[in-house]
Amino acid sequence: MTDIPSRKHLVLLGTGRANMSVLKRLVTQGIGGLAVTLVAPQLSYLDENMLAGYLLGEKRTEDLLIPLDHMLDGSGIAYVSDPIQALDPQSQRLHLASGEILPYDALSLNAEPELDRSRLDKLMPGVRVNAMFAHPRHMFLELWPQLVALAQKRPLQIAVIGFNKASIELALVAAEILAAPHGSRITLLTNGMPVMQDAPSALRQCALARLKAMSITVLHDTCVSFSAKGLQLESGATLVCDAPLLALESDTPAWLQDSGVKLLEDGRVALNKRLQCESHTQISVVPHDAPAEAGPALEANLHVALFGNGMQRNMPSAPKIRSMQSGARRAIVMVGPWALEGHWAWRWKNARDQRQQDAVVQRPALFSAPQS
């Protein structure tokens, strides 16, 4: 791609909800003299809020996965599917796996979580061969029906490895879908971490109650290795397991860690309150599960990074309203200090999720206009 000095270049890396909010605004209002490139493995938006419902059979594919080609048609926004090879923050360039170089004036990283499988295999030998990874989602969605079919034939010992909200939702889905008809057993292995440690107490207590109600065993132990027969734990015990589902939180991508941006001791990028790199404020890094309110704040901050005028905004640290799927046609909704769980909460969550999806993405038209 050729760098055009007279045009500011915005690169949106990933199709997370915050980036989608920016993209929809650009498509709706026009990009003007701005150059915009979307970089993502697939030209589609996968709505994480709909994932548990989809796995439970409550949502259709078109509810979960929305193509974006119709949005970009005629918008002037370019699309690149090449993986990122390296980042040079000093010269503000992305190096793609194809060998192309993508310059930018502002870069927004809001992508699906990545897990460094080589690093994980050193920490937990055998994980690459024996575990079913929850990310990338498109690969997980291809494997899920195979696991469901296997559970229909014989009882399975299934371990969900993780401790965050998405891990809990996956464990509850597995208990609903995989336990019958042969009595498959579900274990949540938290890798030594508290369940949903960053969540408010009321939400966490509701989630723990649902895990207990669904007969899901919770182990606060750490997996040190994988084999075809089970998981070796730090305590010395062996957890018999037919299907380990790895749903740990993501790593900072290797290309970002190696780029020279300032990092924290745990390897995460050092960010300010606007989720910009402390060392290179042209780069924004927004977590994939950031609250819906992050989208407008990201738009404002990218505008300032590109044009230097306007007011920067701090990113919201937590959503105003929290919700999560808690089983088939059940959900937990937390407003203020109160958390409610059940079918009513599920109906409310469904309506809110749809409103949030409509706010950041345009659905393709079901029927084309008649030809004259």
Side-chain angles (χ1 to χ4, degrees), residues 51-52 55 113 115-117 119-128 130-135 140 147 155-179 183-252 264-268 287 289 318 322-327 330-332 334 339 341:
L51 179 62
L55 297 177
L115 288 172
D116 187 334
R117 300 193 180 201
R119 187 187 72 84
L120 284 174
D121 208 47
K122 293 177 183 177
L123 295 173
M124 299 180 287
V127 65
R128 297 183 74 171
N130 295 288
M132 178 177 169
F133 285 73
H135 294 282
F140 172 74
L147 182 60
L156 300 176
Q157 297 292 333
I158 299 163
V160 177
I161 304 163
F163 55 89
N164 59 8
K165 185 187 83 166
S167 308
I168 310 311
E169 287 182 316
L170 181 57
L172 291 169
V173 166
E176 292 275 12
I177 298 298
L178 305 179
S184 294
R185 300 288 301 174
I186 315 298
T187 298
L188 177 70
L189 181 64
T190 70
N191 249 26
M193 302 297 291
V195 172
M196 294 174 59
Q197 61 174 348
D198 296 327
S201 176
L203 181 62
R204 185 169 59 252
Q205 292 306 315
C206 276
L208 288 170
R210 282 301 295 162
L211 289 169
K212 183 177 181 179
M214 296 299 293
S215 301
I216 297 171
T217 302
V218 179
L219 292 181
H220 297 284
D221 208 335
T222 302
C223 181
V224 295
S225 67
F226 288 70
S227 71
K229 295 182 179 180
L231 312 180
Q232 189 64 40
L233 306 182
E234 192 174 55
S235 63
T238 299
L239 177 62
V240 176
C241 180
D242 301 295
L245 307 183
L246 193 71
L248 292 174
E249 292 189 337
S250 63
D251 300 314
T252 301
L264 302 175
E265 290 184 2
D266 60 5
R268 292 178 298 148
D289 59 353
R322 297 172 184 259
S323 65
M324 63 180 290
Q325 189 101 12
S326 59
R330 300 180 71 95
I332 304 171
M334 182 173 180
E341 194 277 334

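As a basis for the values below, the full set of heavy atoms in this structure was taken, side chains included, without hydrogen atoms, waters or symmetry mates. One is the number of the first residue; the rest follow in order along the sequence.
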Write down the atom of [X], the atom of [Y], and the distance for their closest heavy-atom approach.
{"X": "I216", "Y": "A171", "result": "CD1-O, 3.5 Å"}
{"X": "F133", "Y": "V127", "result": "CE1-O, 3.7 Å"}
{"X": "S323", "Y": "K165", "result": "O-NZ, 3.2 Å"}
{"X": "A199", "Y": "L203", "result": "CB-CD2, 4.1 Å"}
{"X": "R185", "Y": "T217", "result": "NH2-OG1, 4.1 Å"}
{"X": "Q325", "Y": "L172", "result": "O-CD1, 4.0 Å"}

Going from [atom1] on [X] to [atom2] on [Y], what distance comes out if it is rounded to the nearest 0.5 angstrom?
{"X": "I161", "Y": "T190", "atom1": "CD1", "atom2": "OG1", "result": "10.5 Å"}
{"X": "M214", "Y": "R330", "atom1": "CE", "atom2": "CZ", "result": "9.0 Å"}
{"X": "L246", "Y": "N191", "atom1": "CG", "atom2": "CG", "result": "8.0 Å"}
{"X": "E176", "Y": "L55", "atom1": "CD", "atom2": "CG", "result": "12.0 Å"}
{"X": "L188", "Y": "L245", "atom1": "CG", "atom2": "CG", "result": "10.5 Å"}
{"X": "Q205", "Y": "M334", "atom1": "CD", "atom2": "CE", "result": "11.0 Å"}

Next on the checklist: Looking at E234, is its backbone amide N or carbonyl O close enough to the side chain of T222 to form a donor-acceptor pair, meaning the two atoms are under 3.5 Å apart?
Outcome noted: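 No, T222 side chain to E234 backbone: no donor-acceptor pair under 3.5 Å.
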Next on the checklist: Between R128 and D121 (side chain of the first, backbone of the second, donor and acceptor by atom type, cut-off under 3.5 Å), is there such a pair?
Outcome noted: no
Item to check | Passing option when M132 is tested against L147, V160, I158 for side chain to side chain contact (heavy atoms under 4.5 Å, CB included) | outcome: L147
Next on the checklist: Is there a side-chain contact (heavy atoms from CB on, under 4.5 Å) between E249 and F163? Walk through the geometry before answering.
Outcome noted: CA-CA 8 Å; E249 292 189 337; F163 55 89; 4.1 Å; yes
Next on the checklist: If you count heavy atoms of other groups shown closer than 6.0 angstrom to CZ of R117, is the number above 12?
Outcome noted: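 Enclosed.
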Checklist entry - Would you call L156 and L178 a side-chain contact if the rule is heavy atoms closer than 4.5 Å? => result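 They are not in side-chain contact.
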Checklist entry - Given side chains that start at C-beta, do those of V195 and H220 come closer than 4.5 Å, heavy atoms only? => result yes
